[in-house]
Undergrad: 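This is the structure I want to talk about, given as structure tokens.
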Amino acid sequence: MSKYNQVIYANINESNSWTLDEYLKQGGYSVWKQILSDQSNKTSEWVIEEVKKSGLRGRGGAGFPTGLKWSFMPKNDDQKYIVCNSDESEPGTCHDRDILKYNPHALVEGMAIAGYAIGATVGYNYVRGEFMLECYPRIDAAVKDAYDAGLLGVNVLDSGIDFDLYNFLGAGAYICGEETGLLESLEGKQGKPRFKPPFPANYGLYGKPTTVNNTQTLATIPKILEKGAKWYADFGTEKSPGTLIFSISGHVNKPGNYELPLGISFEEVIDVAGGILDGKKLKAVIPGGSSTKVLPAEIIQNCTMDYESLQDADSALGTGAMVVISEGTCMVELLKRISRFYYAESCGQCTPCREGTGWLYRILDRITNGQGKESDLALLVDVAGRIEGNTICAFGDASAWPVQSFIKHYHHEFEYMIQNKGKTLAA
Amino acid sequence: MSEVLTTETIKEIDHWLSKFPVGKQRSAIIGSLHAAQHQNHGFLTSELMDAVAAYIDVPKIQVYEVATFYSMFQTKNVGKHEISICTNISCMLRGSDEILSHVEKRLGIDVGESTSDGNIFLKQEEECLAACTGAPMMMVDHVYIENLDIRKVDEILDRLEGKS
């Protein structure tokens, strides 16, 4: 696999890849230093244009073009903020954790450059609370070492540029991965998403203009500027340029995080992950984290792993977290577990989501307990439809899509279980 | 100074306070509660929450709101060692349900309960902890342990129970 781990993960197998020395040895901070010493050529507009040309899209799941997002920031003298979303918690997803652990300086440099591009002199990196001992010490040490080396702070390397960076630790709440829920949490409140508009670019942290980007997105920036937008874009396809880190979990022989070119065939991805576990047949894949729609084997086998192909298949690339499911797995039990997650994690702010996610879980629970009724499948679809599109944030939609897609593709398994008092068709 | 919070906790709270602009000390509530909970071996009391509110100068209700919203904060007495077993889909597909039932059986408690000697708290079934490629996994006193099997789990429990 020559095209494997080329950008963000390029150095992660070096010993001590997380240290400043090792990062500098790999050419780290060269872009940040170049910008600081040559601001008349390396303007903020130049940075934004390069990022636009690279085609980089937000890797947190939504896939919004990063350069375009940055260009929304107002050009006034207001205090502005760059915030990194390291609240990695979409079920199936665990690649930001490895960035924080093995390549934290790429994130520090990426945040400094992003701050420069959007005119933010302060950055916060919001790390999920459970990472307290797992990878927070690494990213915290990286920030400290960058300060000690004079790469952060007031008047960095005599450039006249200020950039302060702070790590923040959450305390356990999936909803804080939603960018405005994250900002509320960073302000010390319950992580309940804000109604939009206004968007964070106009009203963000402490009411000031703010850009929130995902860890992988920001950690990619230094390499894009070092090697050129075209170099990065050429890894992928025309519409999905660059690379993506896939977290491949579930029924494969070698689960892992693999940085691969976008547009790679599904078959190749499964090869990289060592094939299906125990030589079984593939049944289905949840392609981009639990919020994306499940795809049966016969559909995903014809897909390439990029934004367009998966959208055409009526699912989404999401976070690139592929949960691989082999034959013999009960799809009703799996959906029940997914629905329990959304029920547990709903922030409770919007009635359709707060009440609806409970309905979904309880109906699925009674089906698996042999108490299901013939009318339950229509009821599930009805409740899901009443949540979708009727909530402040995308969490509501994310709770509805798995239900709709599991029932669409595996209707017969649900029906069988209802008719046979909880007995699964899958065993 | 506070009589409830230890010097160590206060030092930690000051560290969090230093990260935010003047007047935005509310942002330090989460970090402060982590410190206060750590001081008290894993759970918060009203006394501790009130002391945090007084020290960072925010209304008590703002501290209570945070303490009750986030899953890492415990507001009831729980066991000293915290075990969280992930049972979300990636772990479920790799056998987390058997891991969980084994631990429940061995400790003689259900999820959400602590052992009667106050030694181990088996946290209510845990949502995805972002270690999906190392499934099944669990977190013991904030440390991630991946690729679990029953033998590995037993070794960890032996250690927590002081048997090894």
Side-chain angles (χ1 to χ4, degrees), chain A residues 79 88-98 122 124 128-135 164 166-174 176 185-192 205-206 247-251 254-257 277 286 290 321 323-326 329 333-334 337-338 340-341 344-345 347, chain B residues 15-16 18-21 23-34 37-38 56 58 62-73 84 86-94 96-97 123-137 139-147:
Chain A
Q79 173 67 53
E88 181 167 59
S89 35
E90 174 72 17
T93 317
C94 57
H95 40 52
D96 292 344
R97 169 185 171 221
D98 279 358
V122 179
Y124 286 100
R128 73 175 290 177
E130 291 88 345
F131 283 166
M132 183 184 280
L133 298 182
E134 170 54 26
C135 51
D164 278 307
Y166 305 100
N167 288 304
F168 184 91
L169 203 52
Y174 171 72
C176 294
S185 182
L186 194 47
E187 291 183 2
K189 303 170 191 166
Q190 298 188 340
K192 293 180 174 167
L205 181 63
Y206 308 129
S247 290
I248 308 172
S249 69
H251 295 145
K254 289 195 300 180
N257 290 317
L277 191 66
I286 301 172
S290 72
V323 181
V324 178
I325 301 153
S326 71
T329 306
E333 288 287 353
L334 200 57
R337 185 61 187 86
I338 292 173
R340 203 195 82 184
F341 169 72
E345 295 294 333
C347 81
Chain B
H15 164 72
W16 287 106
S18 73
K19 298 186 182 210
F20 309 105
K24 303 297 182 193
Q25 73 273 25
R26 188 174 182 180
S27 287
I29 293 177
I30 291 180
S32 304
L33 287 179
H34 277 306
Q37 180 164 282
H38 183 72
I56 68 174
V58 295
Q62 294 184 355
V63 176
Y64 301 158
E65 277 178 4
V66 167
T68 52
F69 184 80
Y70 294 92
S71 66
M72 288 180 76
F73 296 129
S84 312
C86 178
T87 56
N88 210 304
I89 48 174
S90 299
C91 284
M92 177 185 175
L93 292 170
R94 301 298 292 238
S96 60
D97 288 352
K123 209 175 157 190
Q124 50 274 47
E125 276 187 72
E126 194 56 69
E127 294 306 347
C128 184
L129 291 168
C132 319
T133 55
M137 67 81 67
M139 188 169 72
V140 177
D141 295 333
H142 303 300
V143 175
Y144 279 36
I145 306 165
E146 299 174 61
N147 301 305

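Lettering of chains follows the sequences in order, A, B, ..., and the numbering in each one begins at 1.
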Undergrad: Measure the acute angle between the ring planes of Phe131(A) and Tyr144(B), then classify it against the limits of 30° and 60° as parallel, tilted or perpendicular.
TA: tilted
Undergrad: Which bit of Cys176(A) is near chain B, if near means a heavy-atom gap under 4.5 Å: side chain, backbone, both or neither?
TA: side chain
Undergrad: Between Pro21(B) and Gln79(A), is there a side-chain heavy-atom distance shorter than 4.5 Å?
TA: no
Undergrad: Taking side chain as C-beta onward, heavy atoms only, is Arg340(A) less than 4.5 Å from Thr87(B)?
TA: yes
Undergrad: Compare all side-chain heavy atoms of Cys347(A) with those of Phe69(B) and state whether any distance is below 4.5 angstrom.
TA: yes
Undergrad: If you tally heavy-atom pairs under 4.5 Å against chain B, which of Ala321(A), Ser290(A), Gly250(A) wins?
TA: Gly250(A)
Undergrad: Need one label for Val122(A): side chain, backbone, both or neither, based on atoms under 4.5 Å from any heavy atom in chain B.
TA: neither
Undergrad: Got a donor-acceptor contact below 3.5 angstrom from the Tyr166(A) side chain to the Trp16(B) backbone?
TA: no
Undergrad: Using heavy-atom distances under 4.5 Å, tell me whether Ala131(B) contacts chain A through its side chain, its backbone, both, or neither.
TA: both
Undergrad: I would like to know whether Arg97(A) and Glu146(B) meet salt bridge (Lys or Arg N to Asp or Glu O under 4.0 Å); could you show each step before the answer?
TA: CA-CA 14 Å; Arg97(A) 169 185 171 221; Glu146(B) 299 174 61; 2.4 Å; yes
Undergrad: Counting heavy-atom pairs closer than 4.5 Å to chain B, which one of Ala173(A), Cys94(A), Ser89(A), Pro255(A) comes out on top?
TA: Cys94(A)
Undergrad: Is any side-chain heavy atom of Leu93(B) less than 4.5 Å from a side-chain heavy atom of Val324(A)?
TA: no
Undergrad: So which residue, Glu134(A), Lys254(A), Gln190(A), Met132(A), ends up with the most heavy-atom pairs under 4.5 Å with chain B?
TA: Gln190(A)
Undergrad: Judged by atom type as modelled, is there a donor-acceptor pair below 3.5 Å linking the side chain of Tyr174(A) to the main-chain atoms of Cys128(B)?
TA: no
Undergrad: Give the member of Ser247(A), Ala344(A), Ser185(A) that has the highest number of heavy-atom pairs under 4.5 Å with chain B.
TA: Ser185(A)
Undergrad: Looking at CG of Asp141(B) and CG of Leu133(A), how far apart are the two atoms once the value is rounded to the nearest 0.5 Å?
TA: 9.0 Å
Undergrad: Are any non-hydrogen side-chain atoms of Met72(B) and Glu130(A) less than 4.5 angstrom apart?
TA: yes
Undergrad: If we ignore hydrogens and angles and just use 3.5 Å, is the side chain of Thr133(B) paired with the main-chain N or O of Ser249(A) as donor and acceptor?
TA: no
Undergrad: Measure distances from Ser326(A) to the heavy atoms of chain B and classify the residue's part below 4.5 Å as side chain, backbone, both or neither.
TA: neither
Undergrad: Look at Gly188(A), Gly172(A), Gly129(A), Ala171(A) and state which one has the largest set of heavy-atom pairs under 4.5 Å with chain B.
TA: Ala171(A)
Undergrad: Any heavy-atom pair between the side chains of Ile30(B) and Leu169(A) that's under 4.5 Å?
TA: no
Undergrad: So do Lys189(A) and Glu65(B) actually touch side chain to side chain, heavy atoms under 4.5 Å?
TA: no
Undergrad: Among Thr68(B), Val66(B), Ile29(B), Leu129(B), which residue forms the greatest number of heavy-atom pairs with chain A at distances under 4.5 Å?
TA: Leu129(B)
Undergrad: Measuring heavy-atom distances to chain B, does Asp98(A) have an atom under 4.5 Å in its side chain, in its backbone, in both, or in neither?
TA: neither
Undergrad: Taking every non-hydrogen pair under 4.5 Å, which of Ala28(B), Ser71(B), Ser18(B) racks up the most with chain A?
TA: Ser71(B)
Undergrad: Between Arg128(A) and Glu127(B), is the closest basic N to carboxylate O distance under 4.0 Å?
TA: no
Undergrad: Between Met92(B), Lys19(B), His142(B), His34(B), which shows the greatest number of heavy-atom pairs under 4.5 Å with chain A?
TA: Lys19(B)
Undergrad: Chain B heavy atoms under 4.5 Å from Thr93(A): which part of the residue, side chain, backbone, both or neither?
TA: backbone
